[in-house]
Structures are given as C-alpha cells and as structure tokens.
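Inspection log for the structure reproduced underneath, given as structure tokens.
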There are 2 protein chains.
Amino acid sequence: MGRRATIREVAELAGVSVATVSRVINGAAVAPETAARVGEAVAVLGYRPNGVGRSLKTASSRLIGVLIPSLANPVFAEAVDGIAEGVDGSGYSLLFGASDYRRDRERAGIEALLRYRVDGLVLTVADAAASEVLDLIEAVEVPYVLVYNPAGDHRRPTVTVDNRAAGRAVAERLIGLGHRRLGMIAGRLADSDRARARHAGFAAAAAEAGLPAPTLREVPFTAPGLEPVLAEIFAAPAPPTALFCSNDMLAIAAVAALGALGRAVPDDVSVVGFDGIAIGTLVHPSLATVVQPSRELGRTAAQQLLGRLSGEGAAASVILPHVLRHGKSVGPAAKHSPTASPASNLPAHSLVTRTSTP
Amino acid sequence: MGRRATIREVAELAGVSVATVSRVINGAAVAPETAARVGEAVAVLGYRPNGVGRSLKTASSRLIGVLIPSLANPVFAEAVDGIAEGVDGSGYSLLFGASDYRRDRERAGIEALLRYRVDGLVLTVADAAASEVLDLIEAVEVPYVLVYNPAGDHRRPTVTVDNRAAGRAVAERLIGLGHRRLGMIAGRLADSDRARARHAGFAAAAAEAGLPAPTLREVPFTAPGLEPVLAEIFAAPAPPTALFCSNDMLAIAAVAALGALGRAVPDDVSVVGFDGIAIGTLVHPSLATVVQPSRELGRTAAQQLLGRLSGEGAAASVILPHVLRHGKSVGPAAKHSPTASPASNLPAHSLVTRTSTP
DNA sequence: TTGAAAGCGCTAACAC
DNA sequence: GTGTTAGCGCTTTCAA
C-alpha cells in the first residue's frame with residue numbers, strides 16, 4: 001500500500017492548520033477562500049481522510065457489523081442486500097461475518113466484529129432467547145437488532161415475521177384441504193428458534209383440529225441426502241399426506257427426494273416451505289410457502305439500528321407481514337383418504353392470504 | 001456503547017507496563033508469571049483489544065474490502081461466501097459493499113472501502129480493461145484481485161473462467177443440435193466485460209460455422225419485463241431458434257417470458273444460460289447453462305489476495321474450469337421450420353445486430 | 001524480561 | 001475564522 005497524504009501535508013500545502021483542513025473536510029464553517037485553497041491541496045495530493053484516525057479520535061467506527069448463518073441461502077443474501085440498502089447514504093459501512101449455522105463460529109464472528117469496534121450490529125442468531133453471543137453483545141453495550149429471530153419473552157429487538165402464526169396458517173390451510181396426517185421436517189430445532197416457532201404454531205393448529213401430533217424429523221442443516229430420512233418417514237404405517245419444511249431450501253430438496261422415491265408432489269404428498277425465496281416460483285411444481293419480505297426485513301433492521309445509533313431511543317421489535325403463497329406443491333388430501341374421490345385436479349390456488357400488520 | 005477497558009487499565013491492574021500487556025496480547029516473549037497476571041487482568045476487566053488503535057499504529061487494518069454488483073444474484077452471493085471461506089482463520093475481516101451494477105456506486109463503494117484503509121480488495125467491476133475504479137485502486141496501490149472479470153490484455157489479476165471459450169462452447173453445442181439462427185440476450189455489454197467475452201466467443205463460433213451473426217439484444221440489468229423484448233425478437237422474419245442468455249437469472253426470466261408468449265422451451269426455442277446457479281437445476285425445464293465454480297472462484301480470489309498480502313509477490317490470474325450443463329431447456333432444431341413465425345407488425349430493423357465485440 | 005516514550009491521523013476544546 | 005494542542009488505544013524502538 002502506497003504512502004498516503006495526511007491531513008498535515010494538506011495543511012502545509014494549503015498554508016493553513018490541520019484544524020482548518022479538518023473543518024473543510026467535515027463541512028464546518030470556513031472562509032470560502034480558505035476552503036478553496038484546502039480543496040485544491042486535497043486534489044493535488046489525492047488526499048483521502050483516514051477513517052482509522054478519525055475512528056480512534058471520535059470513538060465511533062461508522063461500521064455496522066452483520067452476522068448471518070450463510071450467504072448460500074438466498075433468504076440471508078437478500079436480507080444482507082436489504083441491510084446494505086438500508087444503510088446506504090448514512091455514512092456507515094458493513095463489516096460482514098458468516099456463522100455457518102455454528103454457535104462457535106457465531107461467537108468467533110462476533111469477537112472479530114467487536115474488535116473493530118462496530119457501532120452496531122444486525123444479526124441472526126441460533127436462538128435469541130438463550131444466546132451467549134447476545135449476552136456478550138449486551139454486556140459490551142453495542143446496539144443491535146436481530147433479523148428473522150422470532151420476537152418473544154427475551155424482549156430483544158428483532159425484525160421478523162410472526163413465525164408462529166405463519167406455522168399455524170400453514171397447518172390450517174393443509175387441514176382445510178383435507179389433510180389429517182401432517183409431518184414436518186426442519187433443521188435442528190435446538191439450533192433454530194425460527195424453526196421452533198414455526199413448528200409450535202404448526203403443531204398447535206393440528207392439536208386444535210383434533211389431529212395427532214405432526215411427525216417431526218430434524219435434519220442437519222447441511223444434510224446431503226434427504227432421501228433416507230423421507231424413506232423412513234413414509235415407511236411408517238400411516239405416513240403424513242402433507243409435509244411442512246422449515247425453510248424453502250429444505251422443501252425444494254424434499255420435493256426432489258420425494259420424486260426420487262417415486263412419490264409425486266402434490267398428488268401423493270403435499271409440500272410447503274418457508275421463506276419465499278425466488279426459486280420457489282420457478283421450480284416444478286412451484287413451491288407453496290410462507291413468503292417473508294426478506295429484503296424489507298433487512299432494510300428495516302438497518303433503519304431501526306440507524307435510528308438507535310442517532311439517539312432515537314431503544315429499537316423496538318417489528319413484525320412485518322408474511323404471505324402464504326399457494327404454489328402447486330400442495331393439493332387436496334381427498335385421494336389419500338379412505339373415502340375415495342376423483343378430485344385430482346383442483347383449480348389453481350391463486351389466492352393470496354395476508355396477515356394483519358401490527 | 002459502554003466504556004471499554006483499555007490496555008492501560010489492564011496494565012495498571014496487572015501492575016505492569018502497557019508494553020508488556022501488548023506483548024502478552026500479541027504472543028511476544030514474556031515471563032510466564034507476568035503473562036498469567038496480565039491474563040487475569042484481561043479476564044477481570046473483560047478487555048478486548050481495540051483494533052482501531054492497533055490499525056492506526058501498524059498502518060494495517062486487517063480488513064479486506066469486497067465490492068460486487070449485488071447479493072440478489074446468487075452467483076455473487078456464492079462468491080462472497082467463498083471469499084469469507086477463503087479469508088477464514090487469516091485474521092482478516094470483510095468490509096462489504098454493493099455497486100448495484102452502477103458505475104457511480106462502484107466508485108462510491110470503493111471510496112468508502114478505501115477510507116477504512118482496507119489492506120486489499122476482492123471485487124467484480126463492470127469492465128476490467130477500462131475501469132476508473134481500478135485505476136484509482138492502482139494509484140493508491142492497494143492490492144486487489146478481480147473475480148468473474150475476464151482475464152485479458154489489461155493484465156489485471158483476476159480469478160475467473162474462460163468466458164470466451166465458454167461462449168464458444170455454447171454456440172458449438174447449439175450448432176451441433178442443428179440450430180442455424182442463434183440469438184443472444186445480455187445486460188448492457190458496455191457495462192459488462194463478462195457478457196462481452198461470452199458474446200465474442202459465441203459470435204466467433206457462429207461465424208466460423210458460416211452462420212449469420214447472432215441476433216443480439218441488450219436489456220437493462222434490472223429490466224422488469226422481458227416479454228416485449230422477446231416479442232420483438234420473435235417478430236422478425238427469421239427469428240432465432242436458440243437463445244443464449246448472458247446469465248442464468250436472465251435465462252430463467254426468458255424461459256418464463258417465452259412461456260407467456262406461447263413459445264415452448266425447448267420445443268419452439270432452446271435457451272442456454274450462464275453461471276450455473278443452483279436454481280437452474282430445479283426449474284422446469286431444467287436450465288442448460290455454463291457452470292462456473294462460484295464458491296471456489298471467491299475462495300481462490302481471497303487466497304490469491306492473502307498470498308499477495310503476506311508478501312508472496314504479485315497475484316497471478318487464475319482460470320478455473322467451467323462445465324457445460326446439459327439441461328432440458330435445449331433441444332434439437334430439427335422441428336423448427338424457417339418460416340414458422342407468428343404474424344406481427346413490429347419492424348425487423350429495430351433489432352440490434354452485432355458481429356464483433358469491442 | 002520489562003518499561004518509558006514517541007507517535008500513527010485525526011477531532012475538538014480552547015484560545016486568539 | 002483560524003490556530004494550538006491534547007489526546008483517542010495501540011505498537012515499537014530503545015534503554016535499562
């Protein structure tokens with residue numbers, strides 16, 4: 001890295017003090033003529049203010065730390081894009097870290113971000129209610145806003161959808177289509193409060209409808225083969241006729257695995273995902289899912305944090321509306337029931353269900 | 001942000017000098033007993049070294065800047081994930097910026113990264129050969145490695161696939177299937193050296209086969225409706241029977257738009273994309289495309305940069321292998337009759353046709 | 001093995 | 001409106 005001009009050199013060339021140069025740079029009151037001289041010196045030297053020196057003096061890095069599980073899942077990539085959008089023009093930059101869904105890397109990532117003295121954080125953690133990482137962040141008093149993590153008793157500021165209500169809505173829709181035996185596959189629930197909330201709502205609706213508790217199978221996040229898992233599920237005496245997957249990536253993989261096992265979706269099994277990533281509308285059959293406004297979630301989280309940083313009091317939790325997308329991966333359960341019915345082709349479900357906004 | 005313990009406070013509590021604390025932190029030689037005392041003080045105070053102070057003193061931020069067009073395209077999200085992977089364990093963190101495919105934002109993003117005194121950069125620019133941004137980076141002598149931008153006369157270090165050869169391979173495959181009238185749609189070629197290289201190879205192969213120059217249509221990156229563009233293309237007297245799209249997102253959108261226009265893929269038109277994003281294998285019909293090893297591209301770029309930063313001499317360009325994926329979106333041209341285009345009143349001369357690349 | 005001291009580049013009182 | 005000056009937290013000679 002080549003030597004860079006310092007504020008001091010600019011001052012000398014312009015024949016003023018460093019304080020004056022600083023004022024010009026930061027837009028403070030300076031005589032027009034002086035400002036012009038300084039501006040010229042800046043141009044001549046190719047001077048670029050050193051943010052490190054500035055940060056040290058002002059005790060503000062103008063950095064926002066972002067920590068998410070992985071950019072490989074579009075739902076997070078979109079949120080980060082939203083965060084970048086929300087931060088744009090504010091003078092803040094994003095320091096990025098990925099946890100790869102692992103708690104130890106979550107911790108390591110935060111440590112790294114903290115070392116750079118980020119002014120604030122936007123992050124998705126494994127479990128907001130019991131997070132060592134969040135305890136740490138609170139201990140050092142760095143403002144933060146969660147994304148995706150469900151709001152709850154933890155009272156931690158988060159921007160998310162109502163995961164529980166969404167899980168419930170999925171079950172209700174499935175039940176409305178005649179499904180009586182429901183199943184769910186999810187990442188490790190212990191590692192995802194989101195999946196837990198979705199499952200809770202799903203199971204609650206099933207219970208209220210007087211149905212047996214949905215079969216639940218947990219699969220590692222980076223599970224390669226879903227086939228054995230699904231084979232096992234469908235080897236049971238009374239296998240589910242509808243499967244709720246805790247996220248779209250899982251759902252899409254499940255549809256593929258089901259196909260490999262000779263089970264048609266939605267004729268043999270209905271599948272519903274969660275997230276609403278763009279792929280879902282393009283796969284075949286199109287994926288029924290709960291759509292989260294990912295980009296908006298990220299943007300809102302960033303804005304909440306920015307507000308907090310500019311002293312507008314504590315950031316509050318925000319629940320954004322989710323939408324049930326009625327893709328072709330779900331169908332009626334009629335043909336699976338003892339009372340055989342020829343209703344194989346229902347009209348396309350183009351209705352969109354919207355939750356209320358808080 | 002709460003007050004944080006400084007090295008000075010640690011020194012006082014441990015009854016040593018700040019220099020000694022610094023040595024302990026950085027693993028320099030210190031008497032075991034002294035180190036223990038310091039370690040205890042660090043624990044008691046919850047001390048975390050301030051990277052800003054460190055950066056200012058050492059003139060090394062331990063930051064790597066990343067600038068890509070957008071995280072909304074999985075091809076970039078994956079590369080960034082790869083960069084994060086490649087940087088992992090090196091002690092460097094990633095400062096992130098998105099240009100949204102716009103040159104002005106490219107410039108602004110770099111300015112921001114430079115202000116933080118990043119030690120190096122990994123980025124994708126609009127045009128590596130004529131990039132104001134790269135000139136700037138070179139002027140300030142910050143080491144950098146490009147990703148995705150084609151290698152070329154510019155002699156700038158890049159990690160990419162052979163875009164030209166890949167474009168050529170696509171044309172050859174299409175020609176081998178009997179297609180004689182080829183078309184290509186791409187983002188603005190002036191804003192993408194990648195698309196230009198792909199087009200160059202594609203057009204060259206067509207020329208060598210004695211075919212007319214492929215119809216070329218440029219569409220804005222964030223174009224909403226592809227339908228009018230495609231409608232126009234197929235209103236021509238002898239429309240293409242195969243369409244090469246400069247990236248997968250475009251290709252997937254094109255297949256959808258074609259469907260809306262009543263043209264079946266691949267029966268009426270063959271479509272080939274570029275990138276190899278995961279979605280491609282899941283859409284219907286599955287997308288034929290050129291697969292780039294995105295994650296590996298990112299990881300390799302990061303490693304190249306890291307090598308450069310640790311003084312291993314200049315980073316060299318690396319060409320990673322691409323793979324032609326034979327999706328169901330391409331088929332033989334046999335069934336297309338030369339005059340089988342629906343009537344339309346759109347003038348054929350509104351098509352843009354190019355034979356060579358700048 | 002340890003300490004004292006000099007800054008890295010910048011901003012913000014405080015003077016004039 | 002402008003200059004002087006004292007650090008922000010840290011690393012690193014240079015002595016001891």
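Keep in mind that this is a model prediction, so the values were computed, not measured. Sequence lines set the chain letters: A, B, ... in the order given, protein chains first and strands last, and positions in each chain run from 1.
Judged by closest nucleotide on DNA chain C, Val16(B) is the one of Val16(B) and Thr58(B) placed further toward the 5' end. Of the residues near DNA chain C, Gly53(A) and Ala19(A), the one whose nearest nucleotide (by heavy atom distance) lies more toward the 5' end is Gly53(A). Closest-nucleotide positions on DNA chain D for Ile25(B) and Arg23(A) were compared, and the one nearer the 5' end corresponds to Arg23(A).
Annotation: Glu40(B), atom CD; neighbour count of heavy atoms from other residues, nucleotides and ligands within 6.0 Å does not exceed 12. Heavy atoms from other residues, nucleotides or ligands lying under 6.0 Å from CG of Asp153(B) number 12 at most.
What separates CZ of Arg117(B) from P of dC10(C) is a distance of 7 Å, to the nearest Å. The separation between Arg62(A) atom CZ and dC10(C) atom P is 17 Å, rounded to whole Å. For the pair Leu56(B) CG and dG9(C) C1', the computed distance is 5 Å after rounding to whole Å. What separates CZ of Arg54(A) from P of dT11(C) is a distance of 6 Å, to the nearest Å. Across the protein-nucleic acid pair, Asn26(A) atom CG and dA13(C) atom P stand 13 Å apart, rounded to whole Å. If you take OH of Tyr116(B) and C1' of dC8(C), they are 18 Å apart, rounded to a whole angstrom. When the C1' atom of dC10(C) is taken as reference, atom NZ of Lys57(B) falls 15 Å away, rounded to whole Å. When rounded to the nearest whole Å, the span between CZ of Arg8(A) and P of dC10(C) equals 12 Å.
Using a 4.0 Å heavy-atom distance criterion, Ser22(B) is classed as a base contact. Here Val52(B) lies out of heavy-atom contact (under 4.0 Å) with every strand.
Note on Thr20(B): a side-chain N or O is less than 4.0 Å away from OP1 or OP2 of dG3(C).
Judged by distance alone, the side chain of Asp119(B) and the main-chain N or O of Ile64(B) form no donor-acceptor pair under 3.5 Å. Side-chain atoms of Tyr148(A) come within 3.5 Å of backbone N or O of Val75(A) as a donor-acceptor pair. Between the Glu106(A) side chain and the Ala126(A) main chain, a donor and an acceptor come within less than 3.5 Å of each other. Using modelled atom types, no side-chain atom of Thr20(A) and backbone atom of Val16(A) make a donor-acceptor pair closer than 3.5 Å.
Here chain B contacts DNA chain D (any atom closer than 4.0 Å to a heavy atom, that is under 4.0 Å), and the contacts span dG9(D) to dT13(D) from 5' to 3'.
Of the candidates Thr158(A), Asp193(A), Asp127(A), Asn149(A) forms a side-chain hydrogen bond (donor to acceptor under 3.5 Å, both in side chains) with just one, namely Asp193(A). Each of Gln304(A), Arg308(A), Glu138(A) was compared with Tyr144(A) under the side-chain hydrogen bond (donor to acceptor under 3.5 Å, both in side chains) criterion, and only Glu138(A) meets it.
Using modelled atom types, one finds no donor on one side chain facing an acceptor on the other under 3.5 Å when comparing Ser70(B) with Asp100(B).
Taking a 4.0 Å limit (strictly below) on heavy-atom distances, residues 28-51 of chain A reaches DNA chain C at Tyr47(A), Pro49(A), Asn50(A).
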